[in-house]
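Report on one structure; see the data block that follows.
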Amino acid sequence: MLSLHIPTLSATLLKLSPSSNSRTKTQRRHAAHFTFQPDPVPTQYGPTQKMNLFQSVTSALDNTLASDPTAVIFGEDVAFGGVFRCTVGLRDKYGKDRVFNTPLCEQGIVGFGIGAAVAGATAIAEIQFADYIYPAFDQIVNEAAKYRYRSGNLFDCGNLTIRAPWGCVGHGSLYHSQSPEAFFAHCPGIKVVIPRSPVQAKGLLLACIADQNPCIFFEPKILYRAAVEQVPVEPYTIPLSQAEILQEGSDVTLVAWGTQIHVMREVANMAQEKLGVSCELIDLQTILPWDTETVCKSVVKTGRLLISHEAPITGGFAAEISSTVQEECFLNLEAPISRVCGYDTPFPHIFEPFYIPDKWKCFEAIKKMINY
Amino acid sequence: MKNMLTIISNALCRITGRNVGAQTVSEGTRAVVSRSFADFTSQATFDIKKCDVHRLEEGPPLKAELTREQGLRYYRIMQTVRRMELKADQLYKQKIIRGFCHLYDGQEACAVGIEAAINPSDHLITAYRAHGYTYTRGIAVKEILAELTGRRGGVAKGKGGSMHMYAPHFYGGNGIVGAQVPLGAGIALACQYQGNNQVCVALYGDGAANQGQLFESFNMAALWKLPCIFTCENNQYGMGTSVERASASTDYYKRGDFIPGIRVDGMDVLCVREAFKFAAEHCRSGKGPIVMELKTYRYHGHSMSDPGVSYRTREEIQEVRSKSDPITMLKERMLSNNMASVEEFKEIDIAIRKEVEEAAQYATSDPEPPLEELCNHIFSNDSPLEVRGTNPWARLKSVS
């Protein structure tokens, strides 16, 4: 059994990588496992401004509060600007009855948000970390998701959007690094959206707010400052449930979302340079309901699929994609579908560099698929 | 052991009339030659603040007895916690400790007072500001620091970090705010069920006091008369939110509504001790749960990433430090009642400094846990379980 082969290989590769030679042992642990790659500047939405991820979220919220008089933002510590500075300046601009703090009670925050949404306000609730969303799980799954269905369309809480910082951050350990999208993907009635960059974040967040269904918007916290792009100042939306093909290719389809997209971009380059393999990279963006058509069409073309996410592999969202694709494209597959995900352990404290599905592990997976 | 030595030395002193006792009982290794300990008062009674009570006929006593030995012990433990937290601060700024680090300095009297009032066989559970309690519940400083730095010598083998430290009858160390309180009620149920006359102290903060699960726990504990001491460590700020901005009622000792409550001065170790003796007696006699509120203060910010001055003034912190510091208060009480000498305190300080320094050395040089530990102890399993890894062909063994 190759029990420790891959981790040792990746550790060795990590030590050999040129950028880490001169660093001390503790410093090497600080190196991020990805490099953010900005998209080309969008020209179709008007003038743009340099913003990072949290500023693009602020911009989206600013646009919403300006255009929608019923919009309110609430959550823990949002009044002074939020622990990740996503709501800086909004209270001063729009007043304390529109941007306000809640006490420390996630279940209360979401329940309150559902009520406000049902009554007609555009409610934007912030959960301070996605790891803390579980006290609100019952409210989201049993109340928000089923409101329209159980009332026969008489009531709905479509005006509700829940935002939460998501994903690994390098030092978050068990309770500041989780990616819970798989838990919510199992719940018909809500939408789950994860952006990869500032331009995507603003467009997708505005789309979630406008969407007539309760939405959960996970923001990759490691990108809050690291991701900088030219973002349009005016409001604009990016359609939900539409996956985006970032790079066309012919040999392997790569599917990821959030931070992992940037890892996969590097993997695609590595595959091209070292193996001559042309990869098609797809950003899923909306986890629920997900764009099966784009993914399946791509797999029909390439015959190989690699899905990658930070969440643990068992029951992770890659399992759902894998299952659907093998149903739809069975005869087109050249190799078994590969999933490169986190280990089936709680998100570790000291072991994080080994835990996350970095580019080396994904590259190995591509090699195996090509040589199948 | 110490008591016996005291008695023997006392007797020797009286017989021989010479200063023989000082060496055997002082904390340091040097003999205190200037004063014989026979000069010191061995016990004194102090007035302590009256506690506000809720649904109680009478509260804890207004006077506390302190023996010299107890006083030195409380001083030593509080000073160790203080120095350990400051060392953790230093190591964090050097990036040797990473992740999250919530420091306890300023609140030492709470941990030490509670431990003085309960037995080691009683149970305690708290939230993430847990380093102080880990120490008072019996874990050595070097194991705590090694856990912070994530090394194999750490109390949780390096896998838990700052928020997840445990000891016998100490259930951590919990990251999710408020989640530990229903756990505490459950532990109290086990005590009641087993009839072992033990109590459980379930601690939480002023921020957690607004979590729904607390009120569910209060109801269950009161209904079934569980021996649970719910304790709110009110340090005035829930991260950056002051209590007035978060809670409709800041009388946290009354939040139990139908459960009796006591508000205690959490900066005075004697006040805390007497209040918890009272509370433990209340629970052990079958009267049911009780809610305690310890009014205390933390000098550091919420965690190491919080400077701690954006929501409060430096003057406020300075004022608390100069007027109500728990360690200074105890020291002054003992000195003004001739219970110990300045030199003795200095010796204790030096010994603690050395201990913490050595612990930090250990914590920095100990190796990190081996990679095999990544997957161990996920489940309890007789034969090693295979854990799927990041690739379809990567499987690690999980031993438990």
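Residue numbers start from 1 in every chain, and the chains themselves are labelled A, B, ... in the order their sequence lines are given, proteins ahead of strands. Quick note: numbers below take in every heavy atom, side chains included, and nothing from hydrogens, waters or symmetry partners. These numbers were taken from a predicted model, which means no experiment stands behind them.
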Which atoms of [X] are under 4.5 Å from chain B, going by heavy atoms: the side chain, the backbone, both sets, or neither?
X	value
A:E106	both
A:D344	both
A:Q128	side chain
A:V83	side chain

With respect to chain B, which residue among A:P312, A:P135, A:C341 yields the maximal number of heavy-atom pairs within a distance under 4.5 Å?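 Among the listed options, the one with the most contacts to chain B is A:C341.
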
Distance alone, cut at 3.5 Å: any donor-acceptor contact between the side chains of B:Y104 and B:Y133?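 Checked: B:Y104/B:Y133 side chains pair up, N/O donor to acceptor below 3.5 Å.
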
Please tell me whether B:S162 and B:H131 have a donor and an acceptor in their side chains that are separated by less than 3.5 angstrom.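 On atom types as modelled, these side chains qualify, holding a pair under 3.5 Å.
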
Quick one: do [X] and [Y] make a salt bridge, cutoff under 4.0 Å?
X	Y	answer
B:E373	B:K157	no
A:E364	A:K367	yes
B:R255	B:E293	no
B:R263	B:D251	yes

Residue [X] versus chain A: region with a heavy atom under 4.5 Å:
X	result
B:I378	side chain
B:A248	neither
B:H377	neither

